[in-house]
Amino acid sequence: MSSFWISTKPNFDTNFPKCTSSIHCDVCIIGGGITGIVCAYYLSKAGKHVILLEQDELAYKTTGNTTAKITSQHDLFYDYLIQTFGESYAKQYLNANEQAILDIENIIQSEQIDCDFEQKSAYVFTQDPKNINSILKEVAAMKKLNFDASYIKEHIPLTLDPILGAICFPNQAQFHPRKYLEGLSKAILKNGGEIFEYSKVTKFSYNQDISTISLENGINITAPVTILATRYPFLNLPGFYFMKMYQSTSYVIGLESSKIICDGMFISCDRPNLSFRSSLVDGKKIIILAGCEHKTGTEPEVPNPYSYLESIAKKMDPHCKILYHWSTEDCISVDKIPYIGNFSTFYPNLYLATGFKKWGMTFSHIAAQILTDTILGKENSYANLFSSTRYSPIQNKEEVKNIVKESVQSLFLNKLSISELDLSSLKNGDGDVFEIKNQKLGVYRDENGKLYGVKPICSHLGCLLHFNSTLKTWDCPCHGSRYNYLGKCIYGPSNQDIPQITFSEKL
Ligand code: FES
């Protein structure tokens, strides 16, 4: 199921080769999503010889499945920021994101990128009377920060009924992310940068002077500076980011409707959450409806998130046509603040940017600017806000407890045993973990009754996987790696598949 962005821009104009010869460069960037591409753009523009490595295709995974809202409104967040980190911190966070919106607009103009950029207002709304107070608190927080946000109850330009109240941020924006990144990739090449697709990194050897990045075909790239822009860092140590982040899964549908009004970007603060925006393609308006976010590897709040989103759309317009289904995966740090900067104090020339908490359009640009300034030896006033080596960032103790609890539970589950395998409870289209001869067995039964087996143990750090029956994937509750039903790793931090089990032989 391809996203709207991939379906409407399946290929970039330029073909990027696979890396087949060893190269030395100034900066090697691993990961060809929006963060890696913007880093490569800024650094190549500053005269650095940049190599950008992507293991699949550019802007395909997280970036190709986003909702592409360019906004400083990150759910209801500023009251939390003021309470947790203080007013000055919240103001800086806001300024960094507002600056990123301007930066994107300036890049689009200067590189003349046709990417459906539009200024829109952004709204957080509620349909639940219990949440009105949280919205009012956010409005008060924005007043403290001298930001022109308003509370509105009527004439909200979204035909969802009822909307009880909303906070509106003016002058935010939206675009088509793949069209934008196609333009940036052309600019990188023009600036002398090199981009390689299907070039998977399998090993990284750090050296303070020159690090070596080894690809699966045996080619080595050497560089004094490396940036990990892989959404979730694939190196575990010495960064320990797997102890400081979790991942969440959201579901998205794209639909055509002549009746639904959706003039702006909207997100609810209710559960399950809902998010709306629209996009014009070939003169036709597509409504993008996302939501039902849940921690990866756990059950969603509704049995089938796609059906739930479709039911919301049908209530708004019974004649709407559902055209697209896709899902997305986001990294969230335990204190809800991204990590941008050094991977570790022990590895001063290795940088990363991760934990964008669903707001990667602005944070990719904030990260690229911070990392570019740092690499060029320039001051950046926002660098300390998101410092990746910040001391004891743990504020959300519940989340840390969850990560630890799930890791420990998985260890115990590995030791359980049952005497025989009974698959009668397994419905078509669903999967589950069974145990036979002291071995865990993950079984998926497809819609036609065909069985597929995997070893359901995460290849990252060994947690027991959980089957997501909506997406037909094996998901890790510990740090969010995901595998398709054949065991192929589709989302990290793991970068290895899990073994497939030939089902009939095992039984
Ligand atoms: Fe870390 Fe699965 S993602 S153990």
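In listed order, ligands and their atoms are each counted from 1.
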Novice: Taking the six-membered ring for Trp, are the ring centroids of Phe363 and Tyr93 within less than 6.0 Å of each other?
Specialist: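 Judged by ring-centre distance (under 6.0 Å), Phe363 and Tyr93 do meet the cut-off.
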Novice: Does atom NZ (Lys200) have a neighbourhood of more than 12 heavy atoms from anything else shown, all under 6.0 Å?
Specialist: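 Count over threshold, so yes.
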Novice: It should be assessed whether the SG atoms of Cys458 and Cys478 lie less than 2.5 angstrom apart.
Specialist: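 Unbridged: Cys458 and Cys478.
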Novice: Does Lys336 count as lying over the ring of Phe77, i.e. NZ or CZ under 6.0 Å from the six-ring centre, within 45 degrees of the axis?
Specialist: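 Judged by the rule, Lys336 and Phe77 form no cation-pi pair.
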Novice: Report yes or no: is the cationic atom of Lys61 (NZ for Lys, CZ for Arg) under 6.0 Å from the centre of the six-membered ring of Tyr491, at an angle within 45° of the ring normal?
Specialist: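 Verdict for Tyr491: a cation-pi partner in Lys61.
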Novice: Is the backbone N or O of Cys19 less than 3.5 Å from a side-chain atom of Ser199, with the two atoms forming a donor-acceptor pair by type?
Specialist: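 Such a contact is found between Ser199 side chain and Cys19 backbone.
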Novice: Near atom 2 (Fe) of ligand 1, which protein N/O/S atoms fall under 2.8 Å?
Specialist: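 Listed by chain and number, the nearby protein N, O or S atoms are Cys458 SG, Cys476 SG.
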